[in-house]
Structures are given as C-alpha cells and as structure tokens.
Amino acid sequence: MRLHPGARRGLRALTDPGTTAGSIAPWIVVGNAGGGLALVPIAADGTAGERLLIERSALAREAARTDAATRWVWSDTSSWYPAVIAEGVRVSRCHDLRLAHAILRDSARSVGADALRAAVEWDAAASVADDGPSALFDLDPGAREVPHDIDAALAEFARQRAVISASAAGLRLLVAAESVGALVAAEMHAAGVPWDGDVHDEILTGMLGEREPGNGLPARIESLAGDIRGLLGDPAASIDSQPKLLRSLHRVGVAATSTSKWELSEYEHPVIAPLLEYKRLMRLFTANGWAWRDEWAPEGRFRPVYVPGGVVTGRWASSGGGALQMPRQLRPAVRADPGWTLVVADVAQLEPRVLAAMSRDAALADSARDTDLYEGIVSRGVVSTRSEAKFALLGAMYGATTGDSGRLVPALRRAYPRAMGLVDDAARVGEEGGVVSTWLGRSSPPPSPGWRALQGHAGDPDATEIDRGQARRAARDRGRFTRNFVVQGTAAEWALAWLGDLRARLAALPHVDEADAAPRSGALHARQAHLAFFLHDEVIVHSPVAQAQQAADAVVLAAEAATRLLFGDIPLDFRLDLQVRVDAAKG
DNA sequence: CGGAGCGGCGCG
DNA sequence: AAAGCGCGCCGCTCCG
C-alpha cells in the first residue's frame, strides 16, 4: 500500500530516533478523512502539525514506525486497534477518546469540563465490534457510535487536554490507565485463552454423560429428571419452570418460598438432593456445555469480548462468552500450548488492601503485612477466626447491617477507624445524594431523578410513613453502592496499573524461535509471553516455557509498580498468589 | 412472535 | 451457614 506523498517523510521526521527529542510528537491523532485516514501530530504545546493522509490499510505500518513514547489518539480503541493487531503490530500507548470522555464528563474532579460535557456525540456506550462467530447477530443499528472522523477527534482531544491539564494529576493517570486497558483488552481478545477442547469434553462427559445429537439433554440430566418427577409423584412435572416446580414441591410437603439452592438445602426430603444435582448439571450444560465450546472456544482459544470501563465503578464488563463467569470446574481446560506454560496470578484480598492504602490506615496495613490479611486481623485479636475476618471485612465494604457479617463490623470499626471511616463517609455521602470518587478520580453517577423525587416527597407534610420508609430504604441502598464504589473502583484502578505495567514488561521480553511459536495466539503474540486473561484481580500469562520465570517476575514487579504508581511509597504490599502451571503432556 | 422482566446462579 | 457490592447469561413467563 502506498503512502500519500509526504506522509512517509513527515512521519519519519517526527519519529526517527535520530531527531531531537523535542521534535517527537507526543500525540498522533488518527481519524477518517475522505476515503482514507488522516494522521495529525500534536506537539507538546498543543499545536497541530501537518495533516498526513494515508490509505486505510496503512495504519498498522505507520503504527509500527512510530516512536514508542508517542501516544495514538483515536475515537475508540475497539474500532481502530484490532486491525493493527492483526498485522502483528503493537501500539505502546494510546488515548481512547470515548473512554476518556466518559471519565472526564462524570468526574467531580474535572475542572472546566462544560464544553466537553456539551459534546454529547461522545456519550456512547462501548461498541462491541466483535469479529467472532456471532458478529452477524450482534449488529445493532440503533446503537450510537462515537464519531470516527479526524475533525471530531481533533476537537474532542483539544477539549480533553484542556480539562486534564486544569485538573488534578490523578485524572491524567486514570485516563492513561483506562486507555492502556483498552489496548490490553483488544490484545487479549486477539490472543485468546488457550483452551483444550478435549479436556473440556472430558469434564462435560464425566459429569453429564455423552453429548447427545442436536444439543439434546445428556443422559445424566435426563436420568435425574426422571428421578425427580418420580419423587414428586408427577411424571409430567416441570423442573425448569420456577413457579411450577414450586407448586410441585408444595404438593409433596416442601414449603419453600423459592427454588434457590440455599433455601432448598434447608429442607429434608428425598427430592432435594437430586434436584440440587439437576440444577448444578443443567447450569453447566446450558452455560458452558458443548454448544458454548462450539461458539466460544472452537479452535483451541477462548476469546472473550472484554468491555473496558463497562461497569460504573471502572471494572471491565464482558459481552458474550461469559468471560467473567468461567466456572472454576472448567479451569482445567485452560491449558498452555505445547512448549508453553501458564503463569497464573491473583491478588490476595485486593479490595481490603486498597482500602488500607487509600485510607492510610496504618493498623490495617500492618495487619496485611507479610501475611494473609484475614489471618493478620485474627492475630491482632479483632475477631477470632479467619472466616469471621473475611465476612466482617466484606460486610464492612458492602454495607452489611444484619447477620453474622453485620454483627462483626463494629469490632472492625474499633480496630481500623480510618479504613472504616472512609467507607462510612462514602456511604453517608451517597445516602445524602452526593457523589463519591475513586482514588484517581472516577466519580459515581449522581442519583437518578426518581431517587431525588422519592427523597423530596418524603419530606413533604403529607408524606406517609410508607413514603418515608421507601425513601429511607432507597437512601440506604444508594449508600451501600457509594460505600462499595470507592473501594471497588480504586481496586479496578490498581488492576489497570498492574495490567499496563505488566504488558510493557512482557513486550520487552525477547522473541522465541519461529519453531517454538504459538501461532493460534496471532502474529503479535505467537513468539512472546503475553497476557491471555484478566478478571478483576487475576491475570493469566501465556508464556514460552523458556521465559516463564521472566514472565512470573514481570507479574510481581508490575504489582509493585502499580502500588507505587497509585499510592507512592507506602508500608503496604499487595501480595500475589502466583503459580507457574506445568501441564502434564497429553496422553 | 419478540422483547422485557424475573428468578436463579456463575464470577470477582 | 453467613445476605451486604458489582456484573452476564440462562430459561421461563408475561405482555403487547
């Protein structure tokens, strides 16, 4: 593909290592122009350079030539980056205008954001540009997309830079972290989780029986259904319909009010055990059975669609494939390619440690040092068992008021007043209709008009006790949300920093020989350890065996770097449970 | 007939 | 056993 005359020369002048540092463009904005693309370098002082036109297919090549310090600015990573990845090219840094817009628009710490908020064309949810098998069915013509043309991108980038430079430093960091997350999400989708369909099949067959043609119910489920109908004394009993099953249970003397497994297990009746087993197997069959494997892991890779920023707190969501719900019983099907291995790491008690860090609660940090945090709480005599410590702490962060969890919270409040004060304050602000923010500055959404109306009406002279009760309940609901928001959202920020730093460390590892490649991971990842999976506080790195130790070191160093980046030098470590998994050779 | 709502359950 | 946060997806039911 040929470059527009001048484009090649222009970019080289801006990005050649031989040029002076000052002439390297900190940003290159990309967007549609005519039938092709325009690239516009932006200098540190914000002045735009010459507009360079290239053909659409030349983006990856231009990205490959760009200095690693340059940040690519584009409307939406999931719209631009997959094509670059497909050419085997990695972008070091980017600025995702859609994600940044959402953060800056809603943040209580944004300064001078009126013009940005007025640019409503950037208020678009993630466009799930899936290249997977179900893409044809995912098309949603009504869904709004952000603008992808160069002029819109330049204008929005100028608005965002103005807000960022006027606001607290945390927002700049948050926008960078959110953007690198978008890069990681696209790369992990391309690389996929190495998935051994044979192991998956063995698990399914062992639990359910052989696969039946046409996705019919497997033998074990059919047999359980027969047992259950017999024990219910009704050969036609419907097990999958909650109201009908409830009526059948009542007829045989099980007075349950729901069919949840928690409630059913309270009852002593011969039908309970097979019924719980039926529900367990049916869940596996429908959610992660053979049909799921055919659609989501057909060629030895499970490719979930990650949606960065898809949760209000800043956590990622997922779309299709149930990436956030892969059941633990199927974990054995995640297996490295031959000659490769998996480095699996999760952060021990991420959210409580984040709470200790952001509240600067020295006592809680001390309880977490060099140990399992829950054990640390026990050893300081706050509560008496690890299990109690766990439920007390989760209860404190989720706003539990009743049950054993709620009962234990006061003990924590005495032992860790700063940490508990932080979440209690967040809850109070939420109950009063205020907005809370994470450590870096992502803010909770304001209360809905309905919520405000409810609170307003409760203060009216003609309000009934029912009105006031409803308003109180809604206020407490919102308080629990904001209480959790600050912790969950800051944990998501720590995880983004971890991911971003780890990604850079892995990218710096040497390539292995072509003969040792993992071609199904795609051109960008076939010859180098790479991120393969991420879930809130856990990563899986797919690594050539030869560089597994370096990959494991990178995971640990990235966690330390993330902690320093967010919280500076604090006397608190974020402990990892880390294993380098050696899969037995397949027989 | 398709979409919204709900109960239920998987994950953190 | 724990009931308190955030999600996505399943099958069923209800409704227009």
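Order of the sequence lines sets the chain letters (A, B, ...), proteins ahead of strands, with each chain counted from 1.
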Looking at every heavy atom in both A:A552 and A:V580, which two are closest together, and how far apart are they?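 Nearest heavy atoms, A:A552 then A:V580: CB-CG2, 4.1 Å.
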So, is [X] close to the [N] phosphate, meaning a side-chain N or O under 4.0 Å from OP1 or OP2?
X: A:T313; N: C:dG6; value: no
X: A:K390; N: C:dA2; value: no
X: A:K261; N: B:dC9; value: no
X: A:T402; N: C:dG4; value: yes
X: A:R480; N: C:dC5; value: yes

Need one value for [X]: base, sugar-phosphate or nothing, where a base atom within 4.0 Å counts as base even if backbone is also close, heavy atoms only.
X: A:M282; value: nothing
X: A:S405; value: base
X: A:G310; value: nothing
X: A:R483; value: nothing
X: A:W316; value: nothing
X: A:G406; value: nothing

Please determine if A:R335 forms a cation-pi arrangement with A:W195, meaning its NZ or CZ atom is less than 6.0 Å from the six-membered ring centre and no more than 45° off the ring axis.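 No; the conditions do not both hold, so A:R335 does not lie above the ring face of A:W195.
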Which of the following nucleotides, [options], is nearest to the side chain of [X]?
X: A:S258; options: C:dA3, B:dG8, C:dC7; answer: B:dG8
X: A:V311; options: C:dC7, B:dG10, C:dA1; answer: C:dC7
X: A:D404; options: C:dA1, B:dG12, C:dC9; answer: C:dA1

Assert yes or no for the condition that the ring centre distance of A:F567 to A:W494 is strictly below 6.0 Å.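 Judged by ring-centre distance (under 6.0 Å), A:F567 and A:W494 do not meet the cut-off.
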Please confirm whether A:F302 and A:W292 have ring centers closer than 6.0 angstrom.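 Yes: the rings meet the under 6.0 Å criterion.
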Please tell me whether A:S248 and A:D234 have a donor and an acceptor in their side chains that are separated by less than 3.5 angstrom.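 The answer is no; no qualifying pair exists.
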If I take atom CG in residue A:L499 and atom C1' in nucleotide B:dG12, what distance separates them, rounded to the nearest angstrom?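 For the pair A:L499 CG and B:dG12 C1', the rounded distance is 14 Å.
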Take atom CD of A:E538 and atom C1' of B:dC11, then tell me their distance rounded to the nearest Å.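 After rounding, the gap between these two atoms is 10 Å.
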At how many degrees, to 10°, do the end axes of the helix from B:dC1-C:dG16 to B:dG12-C:dC5 meet when each uses five pairs?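 It comes to 0° between the two terminal axes.
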A:S107 (side chain) donor-acceptor with A:R442 (main chain) under 3.5 angstrom: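 Looks like no, no N/O pair under 3.5 Å.
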Identify, residue by residue, the members of residues 218-253 of chain A with a heavy atom below 4.0 Å from DNA chain C, and return them in order of residue number, or none.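 Per residue number, the list reads A:D240, A:S241, A:K244.
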